[in-house]
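So the structure is just underneath, and the comments pick up after that.
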Amino acid sequence: DGESEDTSSEGSTEVELAQGITEDSIKIGTVAVQSGALSFIGAPYVAGMESYFKTINEDGGVNGRKIELIKKDDEFKPDKSVQAVESLIFDEEVFAIVGHLGTPGVVASQEIVKEEGIPSVYFGSGAVSLTKAGENFFPVQPNYLYEGKLMSKFAVEEFDAKNIVIMYQNDDVGNDGLDGFKDGLKELGEDSRLKAEVAFGGADTDFTVPIQKAKEQEPDLIILYGLSTGTAGILKGMENLGMTDVDTLTTYSNADASFLAVAAPGAPNAINNLHVMGWLEVTEESLQPLNDAMAKHFPDTPINAYTMAGWVAGETFVAGLEKAGDKLSWDGYIEAMNGLNYTDGLAAEISYSEGVREGVTQMSVSKVSESDGTYIFEQMTDFMEFK
Amino acid sequence: MLKIENIDAYYGFIHALKDFSINIEEGKIVTLLGANGAGKTSTLKVISGLLNPVKGSVTFNGENLLIYPPEKIVSMGIIQSPEGRQIFPQFTVEENLKAGAYTRKDKENIAKTLDKVYDYFPRLKERKKQYAGTLSGGEQQMLAIGRALMAKPKLLLLDEPSLGLAPLIVRDIFRIIEEINKEGTTILLVEQNAYQALSIADYGYILETGKVVSEGSAKELLGNSDIKKAYLGGN
Amino acid sequence: MTMINTVVIYSIAALGFNILLGYAGQISLGHAAFMGLGAYVSAYITNTLPDMGGLEYILGILLAGIVPLAIGLILGLIALRLEGHYLAIATLGFGVTIQQVFKEWTGFTNGFSGMNAKAINLFGISLRSRESFYIFSLVILVLLSIFSYNLIRSKIGRGLIAMRDSEHAAQAMGISLFKYKLIAFSLSAFYAGIAGGLYIHLIRFVEPNQWGVELSLNLLAMVVIGGLASILGSVLGAAFITVIPEILKEIPLIGEIRNFSMILTGVALILVIMFIPHGLSRITYKIKPLVKKTRRNKKLEDQEVV
Amino acid sequence: MAIFFQNIMAGLETGSLYALAALGLVLIFRTSDVINFAQGEMAMFSTFVAFTLFDGLGLSYPLAVIGALIFALLFGFIVERIFIRPASDASLVSKMIITLGLIMIIGGLASAIFGIDSYYFRQAISADSIDAAGVVVQPNALFIIAITLVIMAGLFYMINKTKVGIAIRATAQNEKTARLMGIPVFKVYSMSWIIATILGAIAGILMAPTTNVSTTMMAEVHLKSFIAAVLGGFGSFHGPVIGGLIIGILDNLVGMYISLTWKTVIVYGLLIVTLIVKPTGIFGKTHRKKV
Amino acid sequence: MNILTVKDLSISFGGLKAVDSLSFEVKQNSIYGLIGPNGAGKTTVFNCISRFYTPDEGEIIFRNDTKEHNLLEYKTYQVIEKGLVRTFQNVELVKTMTVLDNILIGLHSKTKGNIFTEGLRLPGVKKEEERVKDKVMKIIEFLGLTGLENHLAASQPYGIQKLIELGRTLVSEPKLIILDEPAAGMNHSETEELAKLIKRIRDELNITILLVEHDMSLVMEVCEKICVINFGKKIAEGSPLEIQENIEVQKAYLGGEEA
Ligand SMILES: Nc1ncnc2c1ncn2[C@@H]1O[C@H](COP(=O)(O)OP(=O)(O)OP(=O)(O)O)[C@@H](O)[C@H]1O
Ligand SMILES: Nc1ncnc2c1ncn2[C@@H]1O[C@H](COP(=O)(O)OP(=O)(O)OP(=O)(O)O)[C@@H](O)[C@H]1O
Ligand SMILES: [Mg+2]
Ligand SMILES: [Mg+2]
């Protein structure tokens, strides 16, 4: 049973500690895919989170308490995810769930998390419903719908594109991005700039058709909404079919060097016009702690957008912890989070207040730049919101 | 040439051969007779290495056969035309015959043997391009025998070769068996058609429920009144 | 607890699959689609219908079986023309196709965003808690087991087995392959659909990616590992495939190594096939006192073909 | 018109890769009736080996490829020996389950050894593309198509014209009788697994520039190769190749002229219809058991 | 009265004419033999009658009591309902079933029940199961297989398997059974037993028998009328004596003096 805590009365100094909290430790849990085909998402993600907690622990923990992370592998399956969340709440009796990854699992276990009232911080999911799920839910990363929307704003305002083609990966990620992008254009009253919506498969082996469909429109901007493999495939296909001088803009999921390492060699020209969305301030300096921690604890795990996401999950949770001080009941933590305005981390700003659970809404656009053979992203615009 | 001594063989719990011994001399035709389920087929399986006895010995020209897998035994010159024909249904007639000659190295002579088999069974020659699975029952039987002949074996094991054949062909079969025996192939013949089998055989064994109950030269057996009653009927 | 519940649910699907594979000798690599269909149907119905006090859930689960049953007839028709591997791949293609329809037919399935469903509430008794759901689904499992047990030891069961072992003899004895293949496919689709219908009210969320080839192959593995043509086997197989990976993940230290549980699950699967080739439910037969020597022949004698 | 031919050209290239993967599948199937679900996983593993030799050890491309093929040879041999042969008692579905187990083991090992990241692996031939009347033709694509045809012809010759071919086909029909004819069936199994693994490695290496080297690189190709084999017919080698080409081309034409989002439904629907009309695939022969 | 009339039956495979305008008639309650060299088309004729093949031309009329059935109008599995059953040249049993269950399959078309009554095991089902089992036990007794009913069919010797297959046809109370080489693989004394059994089937169960067989001792002993075919054509028809003396039959099939 998870209802072991209860803030007794406001006046009292002694707060009854919630489950998972002892004098010198805080037990929390995470659920993410760790094995199978999708482990390329979950593994760096969890490593990023864990390396953050390890760093914190090495510095003495939070208010003298070390963070103990219980990891559950749900294989990206909703039933296993529910199972894992249950086990974390009832068997492991964790204090909070941090960084639950994967929309199906997150949505499927939403009800039980809400029912128990356990704080759940950061979701590796673009599910829109999370912003309205309840006071104990703390989404952080922008959802794909929102990102899509914001992309339309950049497309219109920064690129000033007249003929836009959106190529989207035909799955939950891509469809959300597509919907958001269309919504955004509509709100801006610029629907007519979108000339074509072209679907592609994330695991496709031949991208000739979608690229030709895009080419027919003679676009001046292509929105590439898909995960790394498919997006890299499209870029290579564009290179092969001679479509190397069109601007392209892709999602923050691809905003990392390892994506470029895969995409650039096969598309040496097309890659130069690639732009990417970003919600994190990725400068060499801001990434330094992450890079150091990863090199120390997970030298074999790639550092990419997923790793950074995991790191931010850790940052956000700990920020709340620090603010809550010794009021480590669930309500105490939620209360502390409600006044959070965290700006020291990778993300520009993370803030919550009562009833507001928007997560990060500020994003910027970066452009690929090359210096002697290695490609990196360079921030090109300021952080903006869709408003 | 081939000696089986005191073997016991099982299928799971079923004791198929019990303290079983036979001896086949080079150049002879030896026949195994007995009712259904007596163990005739099991004997052939033991020789070919398809059934491993739990005790006893099987030797071929003094060499222990029990340590070899079936395919090795074939290459030593022992081939079988098995019960139930077991032709390769998706091979043509000719491919089946070629499969029979698989272990042979003397390429030129294979063609000669093929001609000979076609001589023995003109029907097979007519149908050499037909898929074996669509042959009639009797045609398949001819093919199974022909395929074994293709190996030019030292010892030929025939399991009920006359099964499903028309009377005219049955007569041919026994003639062919005698003929190849004269050319030097030793033969172990399992037959229901006891009378005909004994008429061409040199020596015979009578089996009952996995045991040899009687043996002797073919002549002796043909003359034995008990055997006459049990296996030869009114013939 | 959710895990035990999923074992019960997969047992139901495996039970139906066993009728198909174990008794009728027909293979399908697309059965996940039926389970998914059942889930969507029940979700759709219980979300659309007004509160009828609980009737809507019964209706939902029933239709979760009946709609796949009807679609299963199509597979039966395919099976009439195809055998063995061709059937396997055709059904695999069928499964992928249906899954694709789940993705694209957003009006019914809400596409990639997935669909939520309510917990069952039967005439005032809520099956929200895992325990009450367990009792409910267990009752259904038992009822369906009895149904298939009855079936296989009477005329229809004999007809299916006869068809499996010799289509020629079956036809000559008056068994219509047409009818019996349709029976086998639609019945197994029915079971899978019911399982899907239960699943949706347990997990309360459904999305298209769950109902792919992997689940279909898992169903196959459950039935084979548990034991073909065995009701107990279906349950054991479902438990094996569901529980083993989770147990392996819990092993301290090594469970943490990336993909270790996956590798070990694979090894466990193979070991079961090698040492208990006829399935977990027949584990006792394996301990035969008789000579080990017959191995070489056994290999050659019983070449079972499904 | 150029667009149409561009689609055909691309379809031929991808179709060839499906075909290559399918040939390995068909070879194993034809010797032992086993559907090897792990074919794609094994191909992925071999490709990782090639990539590691190339990128990690710095071997030249041809040397890395040769090294990977040698690895594939051993790999196929070992898999057959350790996992398949000891289960020769088991029924065919059981063997299918073994290959499912292999997917988990090989997939799991691959990410444990090579990690979960994706890597770019170069094309076999990196010459500039040729423009033929508006159709972009990649020399690498021509190379892939050619290699597929050569391998198909080689297998065709082996199976239909050589003694090994007789052994393979006889083993497939009836292992027991094949042994009674003196055919060393275990060598045949071993050999077919080895060749199939090598074919998979070739397909994987040629696929890598498109899908990148990663643990999931073969998922789609593998599925398509099944469909190719069944569509063309398991009974021959030209069948799967033509099946692969048809799927490659059809995928593109349906995507281009009908619908990108519904193309999977349409293409698989066509597959099922084709099978109902021609139950053993386009080039398959029906061998009905005689009553 | 003729129970079976085959008229101008023809079928070919590729270029091969397996059965060529063949006509013959089988009298009710008789034992009729169909013989001929290997590959003459006997099994093919049987396959046409039992509807495994559809002939290119010709008619097959089966008379059950007063009703006439044009068999070509029916599907394979419907033939048994009309009162006609067959055995197979290569024994086709359900290997994993007991002797009893195998014979029960013969009663399939005469067992009541559907998926609901059986799945729910409604009251009638148990009774029906008992009824059909009784019938099977009677046949088992008739064939002298008592005691074997719960043994696995596949582990029985070949001769017994053939009897089980015979039992499976008899249990459906047919009017006509067609037997493809029932004596193949049997030795002399077993064949004699079989001859007696075939006669008993006709006399005690009133079943007409059409059989294909290469064992001349059996054919000559039991058949009243014999039809000889070669290359799918009828070359002779008559009593056993007439057939044995027919020169053409001797040349094509029997092989001179040796019979
Ligand atoms: N594969 C098997 N599994 C179980 N029992 C078997 C098997 N093969 C044969 N038997 C049993 O072994 C015994 C000997 O059988 P075998 O086949 O050697 O007899 P046979 O003399 O060849 O008879 P037939 O004249 O019927 O061919 C019989 O009791 C038979 O039932
Ligand atoms: N499906 C088929 N395709 C091609 N030829 C066939 C097919 N079925 C039968 N045949 C041929 O037709 C002829 C008649 O075959 P059938 O089986 O009727 O002979 P049968 O009289 O029963 O001979 P047997 O006494 O040897 O069993 C044979 O020559 C056979 O090869
Ligand atoms: Mg025998
Ligand atoms: Mg015949």
Side-chain angles (χ1 to χ4, degrees), chain B residues 11-14 16 33-41 83-86 121 123-124 126-127 129-131 134-143 159-160 162-172 174-175 190-197 199 209 227-235, chain E residues 13-16 18 35-44 47 88-91 151-152 154-163 180-181 183-193 195 212-217 219-221 228 230 232 244 249-259:
Chain B
Y11 297 96
F13 294 105
I14 297 169
L33 305 173
N36 274 307
K40 306 180 295 291
T41 301
E83 184 174 57
R85 294 144 195 173
Q86 309 292 353
F121 305 109
R123 172 59 60 89
L124 294 184
E126 282 166 35
R127 301 294 171 82
K129 293 260 150 58
Q130 187 172 337
Y131 283 109
T134 65
L135 292 174
S136 85
E139 290 162 348
Q140 291 187 5
Q141 184 66 44
M142 297 175 210
L143 182 58
D159 202 344
E160 306 196 18
S162 71
L163 188 125
L165 293 178
L168 194 69
I169 309 286
V170 172
R171 208 183 54 188
D172 287 349
F174 284 102
R175 203 200 65 233
V190 168
E191 255 303 329
Q192 296 290 357
N193 202 332
Y195 180 78
Q196 297 223 18
S199 3
T209 58
I227 288 167
K228 221 174 195 164
K229 231 167 75 197
Y231 300 101
L232 306 177
N235 256 342
Chain E
F13 303 105
L16 180 81
I35 64 173
N38 295 118
K42 307 177 294 292
T43 301
T44 308
N47 284 342
F88 294 88
Q89 183 164 357
N90 309 309
V91 183
H151 287 64
L152 219 57
S155 60
Q156 300 306 312
Y158 192 69
I160 302 286
Q161 292 196 13
K162 292 213 130 184
L163 286 183
D180 201 348
E181 303 198 18
M186 293 191 175
N187 66 26
H188 197 86
S189 53
E190 287 165 334
T191 309
E192 279 178 351
E193 288 297 316
V212 161
E213 184 50 67
H214 288 300
D215 188 319
M216 283 307 110
S217 64
V219 174
M220 297 304 164
E221 163 136 17
V228 188
N230 196 10
Q244 267 169 313
V249 174
Q250 287 193 1
K251 231 169 58 198
Y253 184 57
L254 298 175
E257 67 295 327
E258 248 176 304

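Below, read A as the first sequence line, B as the second, and so on, with proteins coming before strands; counting in each chain starts at 1.
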If one checks every heavy atom of E:Ile160 against chain B at 4.5 Å, the contacting part turns out to be neither
Is E:Ala252 close to chain B through its backbone or its side chain, or both, or neither, when contacts mean heavy atoms under 4.5 Å? backbone
For B:Leu165, is it the side chain, the backbone, both or neither that has a heavy atom under 4.5 Å from a heavy atom of chain E? both
Whether the side chain of E:Glu190 engages the backbone of E:Asn187 through a donor-acceptor N/O pair (distance < 3.5 Å, no angle test) should be reported. yes
When heavy-atom pairs shorter than 4.5 Å are enumerated against chain B, which of E:Gly159, E:Ala184, E:Ser217, E:Gly185 gives the highest number? E:Gly185
Mind checking what makes salt bridge (Lys or Arg N to Asp or Glu O under 4.0 Å) contact with B:Arg127, not counting sequence neighbours? B:Glu139
Of all residues at least two apart in sequence or in a different chain, which pass the salt bridge (Lys or Arg N to Asp or Glu O under 4.0 Å) check with B:Glu191? none
Counting heavy-atom pairs under 4.5 Å with chain B, the top scorer among E:Met186, E:Gln156, E:Lys42 is E:Met186
Test side-chain contact (heavy atoms from CB on, under 4.5 Å) on E:Asn38 and E:His214 and set out the steps. CA-CA 9 Å; E:Asn38 295 118; E:His214 288 300; 3.4 Å; yes
Donor-acceptor pair between E:Asp180 and E:Thr43 side chains, under 3.5 angstrom: yes
